[in-house]
Amino acid sequence: ADSNTARTAPLIATQSALRWFADACRIGKIYKIGQAVHIQAHCFGDDNTRAIPVALTPRGDRLTVAWGKTPVEELRRCR
């Protein structure tokens, strides 16, 4: 699969980390409002660390992802 764009890159989440597109992140704070999970991610790259707000919201068999300033993407479940 082509993972060169935010739309085609896999979102990988563990208990302590997130990886999506060009970012590798450690999970800071995490909380839930309604169906949405909000995460303060501490992401690494280019010799610096930056905090990125992430929101994950289920929409049927898809997941809406808001990642910092990246426009909202709707991802589908891997098969």
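Computed from heavy atoms alone, side chains included, the values below leave out hydrogens, waters and symmetry copies.
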Can you name the nearest heavy-atom pair linking Ile27 to Gln15, along with the distance? CD1-O, 4.0 Å

If every non-hydrogen atom of Val54 is compared with every non-hydrogen atom of Ala41, which pair is closest and at what distance? CG2-CB, 4.1 Å

Would you give the length of the straight line joining atom [atom1] of [X] to atom [atom2] of [Y], rounded to the nearest 0.5 angstrom?
X: Leu63; Y: Leu56; atom1: CG; atom2: CG; result: 5.0 Å
X: Arg76; Y: Thr8; atom1: CZ; atom2: OG1; result: 10.0 Å
X: Arg62; Y: Thr57; atom1: CZ; atom2: OG1; result: 15.0 Å
X: His42; Y: Arg50; atom1: NE2; atom2: CZ; result: 12.5 Å
X: Trp67; Y: Glu73; atom1: CH2; atom2: CD; result: 12.5 Å

Side chain proximity check, Ile52 to Cys43, heavy atoms < 4.5 angstrom: yes

Do the side chains of Leu75 and Thr64 get nearer than 4.5 Å, heavy atoms only? no

Report the residues that fulfil ring-ring contact (aromatic ring centres under 6.0 Å, His included) with His38, sequence neighbours left out, ordered by chain and then residue number. Tyr31

In terms of hydrophobic clustering (I, L, V, M, F, W, Y; side-chain heavy atoms under 4.5 Å; direct or indirect links), are Trp20 and Ile30 co-clustered? yes

